[in-house]
2 protein chains.
Amino acid sequence: MSAQRTTPLMRPARPLRPGVPEATVARLPIYLRALMSMAEVGVETVSSEDLATAAGVGSAKLRKDLSHLGSYGTRGVGYEVDYLVYQISRELGLTQDWRVAIVGVGNLGNALANYGGFASRGFTVVALLDADESLVGTSVAGVRVRHLADLEQVVVAEQVTIAVVATPAEAAQQVCDRMVTAGVTSVLNFAPCVLDVPVGVMVRKVDLSTELQILAFHEQRRLAGVVSPDPVLAPTATEAVRRVR
Amino acid sequence: MSAQRTTPLMRPARPLRPGVPEATVARLPIYLRALMSMAEVGVETVSSEDLATAAGVGSAKLRKDLSHLGSYGTRGVGYEVDYLVYQISRELGLTQDWRVAIVGVGNLGNALANYGGFASRGFTVVALLDADESLVGTSVAGVRVRHLADLEQVVVAEQVTIAVVATPAEAAQQVCDRMVTAGVTSVLNFAPCVLDVPVGVMVRKVDLSTELQILAFHEQRRLAGVVSPDPVLAPTATEAVRRVR
DNA sequence: CTCTGTGAATATATTCACAGCC
DNA sequence: GGCTGTGAATATATTCACAGAG
């Protein structure tokens, strides 16, 4: 591998960010939820201070985050709730509908399929898939369970864009491979394993075990007389893991 | 804070504790899982390159991460799998057992209770709680379901340290409050809401809706002809949210 | 020679603090 | 006066690239 020498002078570093920082993107859904519950109880305007509190972040961070989307607030007043809901929704791509398939209809798959805030915002579960013959044909959350063998066919017919993998770890990679081959470009993985995908496909991982272990780490610190690290805060979290082959 | 100086001669190499970075802590569970499956198939030694691939990260990042725990590798060779498993486990606090209570025994609670990799590593589900009378007394994953009313009593009797909240959002804050009052210091929240806790209590959040929205954001970018931002990688994720009152 | 461990360089994120508008 | 938006300062994280152990 030709180790490219670091150019000492050239470094355009790119002009302006057309992009919203990842850390910000990860918080937008939280702001959105807070805003929506405010809207529900008739709040029309909110200050960065109040919204930040509702979202569990600092107000400076909130303002900086929102500033990446544009100038949607009014100085001296705050943010108009409905307007901000719209702007964040648009930024997150929730003004269009995303077609989701859930693979694995065990307890977890069931819980996910029945999750309320799901269909409500831009996401529609259009397919449920399972390898268990006895589940095939039954209806869960109003969606008929199809056999895993029909995966490709279902993905194409239902125009699935996002796959939720809720299978055992052993099956996850194969299911993911088939999903990707069939055209899925985003995967949310609940199986406790790393999924290998081609470049261009995005995987995010949700993992109970990982989260518990992170909690355990901090519990241990606490017990080990680490003089209560000021506020016991947990900044980062679940890393989206993706391997390129 | 009298920073205790590391004894220079001690063998187990207490690796200087200016603290392990959060981003590193969040990845240790992934390394651990990869290492454990390697150990299972008899791998004795692994290079940073191979372990990094298995974990879906770059090898430089992996080495840097591990260097925060100490010098547990051998130059020119790699890492001894078993030894590294032990060191990471110890760092994460998995050498002791953590007693976990799950509140909410719906589909999700069931899925969590039945999750395998749970009891296997340092975590024991010692209590299940639900408000539904018809569930109380039944046994899930070998644990008897208790009534929510007995929460405080159960937490104390079972010495629960970590609470998993798998209730509807409406109930989550109240359940959390009671847990904290009863002595719980770590909470893993599956309910789609921000939990308010006192300083010193740690909350981590797992949220389907948030993850989907982040995926949608990137899907939208892709569709909007954003010239495939190099590798479509997803660096950060679910922020641990905590509000101080 | 191979592969770890790590400073130095870079990139990202958070926080501060205040100018500027309402 | 009150609040947003934002540069500048700081803190964290990632990546590079190579010295040095085995």
Side-chain angles (χ1 to χ4, degrees), chain A residues 1-14 16-17 19-28 31 45-53 55-80 83-84 87 229-231 233-237 239-241, chain B residues 13 15-16 18-28 31 45-53 55-80 83-84 87 229-231 233-237 239-241:
Chain A
M1 16 163 80
S2 59
Q4 167 133 3
R5 187 159 283 290
T6 321
T7 340
L9 288 181
M10 274 201 60
R11 197 57 293 204
R14 290 196 174 181
L16 238 310
R17 288 294 80 151
V20 181
E22 265 304 310
T24 295
V25 171
R27 282 185 297 263
L28 291 180
Y31 304 152
T45 279
V46 67
S47 69
S48 65
E49 194 61 57
D50 289 352
L51 181 51
T53 300
V57 303
S59 64
K61 191 189 274 186
L62 177 119
R63 287 199 303 278
K64 179 72 88 178
D65 280 343
L66 294 185
S67 79
H68 288 115
L69 314 193
S71 286
Y72 298 138
T74 310
R75 291 166 200 242
V77 180
Y79 302 89
E80 210 241 298
Y83 186 53
L84 198 49
Q87 291 298 347
D230 303 291
L233 238 185
T236 25
E239 173 129 356
V241 171
Chain B
L16 194 54
V20 181
E22 267 303 311
T24 295
V25 172
R27 282 185 296 263
L28 291 180
Y31 303 153
T45 278
V46 67
S47 68
S48 65
E49 194 60 58
D50 288 352
L51 180 50
T53 300
V57 303
S59 64
K61 190 188 277 186
L62 179 121
R63 287 199 305 278
K64 178 72 88 177
D65 281 342
L66 294 184
S67 78
H68 289 116
L69 314 192
S71 285
Y72 298 137
T74 308
R75 291 168 200 242
V77 179
Y79 301 90
E80 210 240 297
Y83 185 54
L84 198 49
Q87 292 298 347
D230 302 294
L233 236 185
T236 24
E239 171 128 356
V241 171

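By convention in this document, chain letters (A, B, ...) are assigned in the order of the sequence lines, proteins followed by strands, and residues within each chain are numbered from 1.
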How long is the straight-line distance from CZ of R63(A) back to OG of S47(A), given to the nearest 0.5 Å? 9.5 Å
Which pair of non-hydrogen atoms, one from Y31(B) and one from L51(B), has the smallest distance, and what is that distance? O-CD1, 4.3 Å
What closest approach, in Å, do H68(B) and V20(B) show between heavy atoms, and which atom pair accounts for it? O-CG2, 4.2 Å
Please give, in whole Å, the distance from dT12(C) P to K61(A) NZ? 17 Å
Rounded to whole Å, CZ of R27(A) lies from P of dA13(C) at a distance of 8 Å
Would you mind reporting whether D65(B) and V57(B) have side-chain heavy atoms less than 4.5 Å apart? no
Protein-proximity profile, nucleotides 2-8 of chain D, B/S/- by nucleotide at the 4.0 Å heavy-atom cutoff, equals BBBBBBB
Run the side chain to side chain contact (heavy atoms under 4.5 Å, CB included) test against Y83(A) and tell me which residues pass, sequence neighbours left out. Y72(A), E80(A), Q87(A)
